Every structure is written in structure tokens, then in C-alpha cells.
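Read through the structure below, which is laid out as C-alpha cells, and then see the notes.
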Number of protein chains: 2
Amino acid sequence: MKITRACDYALKVLVYIASENNKNKIFMRNELSKLCDIPDSFLGKILQALARENILVSERGKKGGFKLQKKPEDISFYDVIKAVEGDITINDCLVDKNFCNSSYGCRIQSILEKVRQNLISDLKKYSLEDIIS
Amino acid sequence: MKITRACDYALKVLVYIASENNKNKIFMRNELSKLCDIPDSFLGKILQALARENILVSERGKKGGFKLQKKPEDISFYDVIKAVEGDITINDCLVDKNFCNSSYGCRIQSILEKVRQNLISDLKKYSLEDIIS
DNA sequence: ATGCTTTAAGACTATTTTAGTCTTAAAAAG
DNA sequence: CTTTTTAAGACTAAAATAGTCTTAAAGCAT
Ligand code: SF4
Ligand code: SF4
């Protein structure tokens, strides 16, 4: 029951960008890597994922880099986790009904589904804004 | 963000034992393995862990096996997960303050700690009794 | 006492996931 | 057209998960 390192890095780097967000400044990967103490190439993958999921805008070439695509209050912890490691599953059967043959009518499954929904809605409650304000 | 197979197996086997709990019947590992469709040796490890954590009673020798040590309503999902895979961490820094050097005063950490506490208290709400009743 | 049956413990192995690197391509700016 | 920056994806290393196997110890039954 853990988030991955990549997720933690993503939160860290997004908080950094959000907190320095004076007039749409754009940050290079290299710069973010040093400031947030995240391995450069690994950060590359993470920033790419965040850009694909419309959390960051990326631009190439000279003067390129990354900036937020939305307001900090519109980027929740759930959005970040989902972008980086995919949806929260809790147990495979919750997301793949063919995973287990006792799946139909399983009451363990229905309780785990409740736990999952609560966790997701809890993670949606917190945004980058809550951190930087 | 997943529970392990071992945890799911543990829930499954405990629910089975709890539901068949006519007058303190004792179940052999072998029997449970077949009935719950869990690899026999792997189930051994799981049952051992549950016995160590005072969820099951184990007895050796002929007429040996496993039975519940508490009433089904006193065995929560949290108890089972904790017994089998250890405590829920969400992020390493929540459980090891030396893990990250930005740990002191980190606001990501304090939010993740809230999420963790909510998840734990949610998992404590549900017991084996909720499944078998 | 001594087999027989059952769990305990832990070393061992295989598979999958996580964490991270590296190389090549493509876009943008000057 | 060269430099700088990200994109994409193959690749690798390390760790965790999932599971097996072997040896020991405990309890019952004769
Ligand atoms: S036993 Fe129930 S909870 Fe476990 S995998 Fe099967 S359907 Fe899901
Ligand atoms: S950055 Fe904050 S949340 Fe992330 S590991 Fe460090 S202390 Fe924990």
C-alpha cells in the first residue's frame, strides 16, 4: 500500500513549479532535477507523463521546458498519482472482473471497492494549492 | 497502491473459516488450500503470520490445524492487512523520518499522513462479521 | 517409545514491478 | 544548420512479490 517514488517525485516537482509560479515561468528538466534532487533522466519520464495527462505543458527547443497547464487548485493529489502510476486499484479484481473466479458476488470485493472509493475521494480533496498556500 | 496477493488470500481464507465456524471446528492447511484455491505452501506462510499476530490459533500434530482466535467482529480488514504485509505506509517518509531530507516541515508529507490515517480508520471499520452476516 | 501427522521456520527460487539509464529522434530558436 | 531542449522507447539494475522446499518440532495414537 504505497505510492511509487515516481509519484512522490511528481508531487515534489509540481509543488516546486506551483510555488514559483510568478508569471508563467518555464522550467527546464535539468533545473528541476537539481532543485528538487531527483535523478535527471528519471525526472524526464515523470515530466513526460505529467505532460501527456495535461497537468504540465511542455515545450521543446531553446526556451523550452515545463509549466503548469492548470491552476494549482485544479491539480489534486489523485490527478498526480493517476497520471504517474495509473489508477488506484487496491486489488486486481476491482479493475479486472476476470481476475478471480470468485469475483461474482464476492463480499470482500465489495468492501474493498468502498475502501477504494473513499481513498480516491480523499485524494481528490487535496490539491497543490493546499500545499503552497 | 495495492494490497498483496497474500493479503487477499488471507481475507479469503479467514472469511471461509469464520463462515464455517460451527462449534470451534479446526481446519487443516491442506483442506483450506483446496477449498479456497490458494497454493498450499504459500498458504502455510500466510497462516503462520496470522497465527503470530493472534488472529488464528494453530495446533500441531494429528487433530491439528487452524481456527479463529477472536470473534469475527473483532478481526478488521486493517488487522488482517497489518498482520500479513505489515503496516500501511503510503510513502516511506511517513514511517521513516530519515528517509527524506526535506522531511521536516514537508507539507506533502503532512497531507499524505492524513490520507494514511483516513485509510487506516476506514479499513478498521470493516470486519469479517460484515462479510459473513 | 515410536511412528505418523500436522504446523514452524527459514533458506531458496522465479517472476514481476520499480527505479533508473541511455540512445536516437524531433521540434523550436537563433 | 547548429544548438538546445523535450519525446519516445529500448534497455538495465535492484527490489519486492509470489511461491517452493527442506528440515525441525510438537502432538496424537497405538
Ligand atoms: S476473493 Fe473476492 S476480493 Fe479476493 S480477488 Fe477474488 S473477488 Fe477479489
Ligand atoms: S518530499 Fe515530503 S512527502 Fe516526499 S518523501 Fe520527502 S518528506 Fe516525504
Side-chain angles (χ1 to χ4, degrees), chain A residues 1-10 12-13 17 25-34 36-67 69 81 83-86 88-92 96 99-100, chain B residues 1-10 12-13 17 25-34 36-67 69 81 83-92 95-96 99-100:
Chain A
M1 286 295 243
K2 278 206 284 196
I3 61 171
T4 57
R5 294 301 301 130
C7 269
D8 178 76
Y9 288 157
K12 208 170 165 184
V13 78
I17 295 172
K25 185 177 177 219
I26 197 157
F27 299 87
M28 285 190 301
R29 181 190 63 208
N30 184 263
E31 187 187 356
L32 294 168
S33 160
K34 277 170 196 142
C36 297
D37 191 31
I38 301 168
D40 187 58
S41 313
F42 193 30
L43 181 58
K45 307 303 292 297
I46 295 165
L47 294 170
Q48 268 176 52
L50 293 169
R52 261 197 306 272
E53 298 295 318
N54 302 112
I55 289 172
L56 291 174
V57 179
S58 70
E59 269 162 44
R60 308 203 213 192
K62 255 169 182 149
K63 292 274 152 195
F66 300 87
K67 64 183 175 187
Q69 191 164 358
I81 293 173
V84 174
E85 69 179 48
I88 285 171
T89 56
I90 304 288
N91 202 4
D92 294 305
D96 170 12
F99 175 76
C100 169
Chain B
M1 287 296 243
K2 277 206 283 196
I3 61 172
T4 57
R5 294 303 299 133
C7 268
D8 178 76
Y9 289 156
K12 207 170 165 184
V13 77
I17 295 172
K25 185 176 178 220
I26 198 159
F27 298 87
M28 285 187 303
R29 180 189 64 207
N30 184 263
E31 187 185 357
L32 294 168
S33 160
K34 276 170 197 146
C36 297
D37 191 31
I38 302 169
D40 187 58
S41 312
F42 194 29
L43 181 58
K45 307 304 289 300
I46 295 164
L47 295 170
Q48 268 175 51
L50 293 169
R52 261 196 307 271
E53 300 294 319
N54 302 112
I55 289 171
L56 290 174
V57 178
S58 69
E59 270 162 41
R60 307 201 215 193
K62 251 169 186 152
K63 292 275 152 197
F66 299 87
K67 65 183 174 187
Q69 191 163 358
I81 292 173
V84 174
E85 68 178 48
D87 211 345
I88 284 170
T89 55
I90 303 289
N91 202 6
D92 294 304
V95 98
D96 169 13
F99 175 76
C100 169

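Here is the naming used below: chain letters follow the sequence lines, and residue numbers restart at 1 for every chain. Values in this document were obtained by computation on a predicted structure and should not be read as measured data.
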[X]: which residues meet the side-chain hydrogen bond (donor to acceptor under 3.5 Å, both in side chains) condition with it, sequence neighbours left out?
| X | result |
| --- | --- |
| A/Q69 | none |
| B/D37 | none |
| A/K34 | A/N30 |
| B/K67 | none |

(request) Report which part of the nucleic acid A/G44 touches: base, sugar-phosphate, or nothing (heavy-atom distance under 4.0 Å, all strands). (result)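 It contacts nothing in the nucleic acid.
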(message) Can you work out whether A/N30 or A/M1 has the more 5'-proximal nearest nucleotide on DNA chain D?
(response)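 First, find each residue's nearest nucleotide; the 5'-ward one identifies A/N30.
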(request) On DNA chain D, check which nucleotide each of A/G64 and A/K2 is closest to and give me the residue with the more 5' one. (result)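 Its nearest nucleotide lies further toward 5', so the answer is A/G64.
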Give the rounded distance in Å between these two atoms: [atom1] of [X] and [atom2] of [N].
| X | N | atom1 | atom2 | result |
| --- | --- | --- | --- | --- |
| B/E31 | C/dT7 | CD | C1' | 14 Å |
| B/D8 | D/dA18 | CG | P | 10 Å |
| B/E85 | D/dA15 | CD | C1' | 16 Å |
| A/K12 | C/dA19 | NZ | P | 14 Å |
| A/M28 | D/dA7 | CE | P | 14 Å |
| A/F27 | D/dT6 | CZ | P | 13 Å |
| A/Q48 | C/dA25 | CD | P | 16 Å |

(request) Would you mind reporting whether A/D40 and A/R29 have side-chain heavy atoms less than 4.5 Å apart? (result)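 Yes, their side chains come closer than 4.5 Å.
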(request) May I ask you to verify if any side-chain N or O of B/R52 is less than 4.0 angstrom from the OP1 or OP2 atom of C/dA9? (result)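 Yes, within the criterion.
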(message) Can you see if the side chain of A/Y9 gets near the phosphate of C/dG20 - specifically, an N or O under 4.0 Å from OP1 or OP2?
(response)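 Checking C/dG20 against A/Y9, a side-chain N or O does come within under 4.0 Å of OP1 or OP2.
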(message) Of the listed nucleotides (D/dA18, C/dA8, D/dT5), which one gets closest to any side-chain atom of B/S58?
(response)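 When the side chain of B/S58 is considered, C/dA8 is the closest of D/dA18, C/dA8, D/dT5.
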(message) Each nucleotide in nucleotides 20-30 of chain D should get exactly one letter: B, S or -. Can you fill that in based on protein heavy atoms under 4.0 Å?
(response) BB---BBBS--
(request) Could you pull out all residues at least two apart from B/D96 that satisfy salt bridge (Lys or Arg N to Asp or Glu O under 4.0 Å)? (result)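 With neighbours one apart ignored, the set is empty.
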(message) Quick check against the 3.5 Å criterion: does B/E53 have a side-chain atom that pairs as donor or acceptor with the backbone of B/L50?
(response)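 Side chain of B/E53 to backbone of B/L50, a donor-acceptor pair under 3.5 Å: no, none is there.
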